[in-house]
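Only one structure is covered here, and it is reproduced in the block below.
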Amino acid sequence: MKMNICYFLGVCLSASLSMGCEDDNKPRGQYADGVFVVNEGAFGAGNGTVTHYNPTSSEAEQNIFISTDGDFAGDVVQSLTFKNGKAYLVINGDDKIEVADANTLESTQTITHPDLDKPRYIEVINGNAYISVWGAYNEFFSLIDSYILVYDLDSGSKIKSIDTDEGTENLLYNGQLLFASNYNYGSSSTVSVIDPTDNSLVDNIELEAGPAGMVTDANGKLWVVCVGGWGAENGQLFRVNPETLLVEDQITITGVPGIDIATTPDKQNIIYTVGTSVFSIAITATAEPEALFNADDIVSVYSLNVDQANGNIWIGDAPSFSSAGKVYIYSADGASNTSFDAGIGPTQIVFK
């Protein structure tokens, strides 16, 4: 009996290990990891794309997602979000969201709805999609009805529209609350706070003109960059307590900052840009720092992110909207860099 039991256990263990190896080695798709660059394309041309970059091989592949009805992803590809094995591409100009397999980028679904009127970003929370929507223009081409569209991904139906100030833009979920910056090219000045448990608008945090990029630091505090209104000479960085929703600090930035901010891997510093200069400010600082380095290769900073694995700073360069852009990868101190070609208007850099 002892020998039989040992044999039985050995067979089971062997089978278990074999199955485990098969699962570990199962192909996940050529885009299971790497870096993804969202390229808006030229407005109205329908030539927005997604670029995939492999940091190991230093190879870039263009136009990796193609919609079922065209040769490109769509008209003004605004953002890309990975969640629960799916990739969500928000196509601003086409008023739709393309859903794809996260590992193969093969199209699986197209979400359309009458309320998807110039969508911007998406956050998926508990099976629901929270989509920032610019909404309608008036006769003077001013936004008049922006909101967060809450959409049930399982049933494919609208749950609710949550009114915000005009030009609702970036979304950040900290595990409890959803924050939406109301940008509107500097004509709005608030961050809307939404409770996903009941989809209620908790508050509108009053900041300065043009709230845009948002991150959380090592202490869980919310940082928001405000780019200023029309003709502004300075921007602002705000630190907000996400529990009390009160502003804890405000730092003036000399010059107009870019709309994206990021954190260093330890989340002790905030990275931002002014023109083609890159800055790193400690989360304990009370005044703006000197520039970390100048990105002299860049013509026009159009996107910014930091690789949380090594601290490298990635910048999307959009020299024009009639030709391909580039992405530059700088070491954390800016001492070295490399670059690769992207599509037209590289507007977002996503690490996976």
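This one's a predicted model, so the numbers in the text were calculated from it and none came from an experiment. No hydrogens, no waters, no symmetry mates; every other heavy atom, side chains included, goes into these values.
- A salt bridge links D341 to K326: at least one charged side-chain nitrogen sits closer than 4.0 Å to a carboxylate oxygen.
- D195 and S200 are not linked by any side-chain donor-acceptor pair at a separation below 3.5 angstrom, with hydrogens and angles left out of the test.
- With no hydrogens or angles considered, a side-chain donor-acceptor pair links N39 and T51 at under 3.5 Å.
- The ring of F36 has its center closer than 6.0 angstrom to the ring center of F82.
- Residue K160 places its NZ atom among more than 12 non-hydrogen atoms of other residues, nucleotides or ligands, all under 6.0 Å distant.
- A distance of 6.0 Å or more separates the ring centres of W230 and Y185.
- Residues Y53 and W314 bring their aromatic ring centres within 6.0 Å.
- With ring centers used as reference points, F321 lies 6.0 Å or more from F43.
- Donor-acceptor pairing under 3.5 Å is lacking for the side chains of Q236 and E208.
- Residues D115 and K158 are paired through a salt bridge, judged by an N-O separation under 4.0 Å between the basic side chain and the carboxylate.
- Taking each heavy atom of E288 and I281 in turn, the nearest pair found is CA-CD1, 4.3 Å.
- Applying the ring-ring contact (aromatic ring centres under 6.0 Å, His included) rule to Y121 yields no partners; only residues at least two apart in sequence or on another chain are considered.
- Not a single ring-ring contact (aromatic ring centres under 6.0 Å, His included) links F72 to another residue, sequence neighbours left out.
- Looking at residues two or more places apart in sequence or on another chain, you find no ring-ring contact (aromatic ring centres under 6.0 Å, His included) involving Y88.
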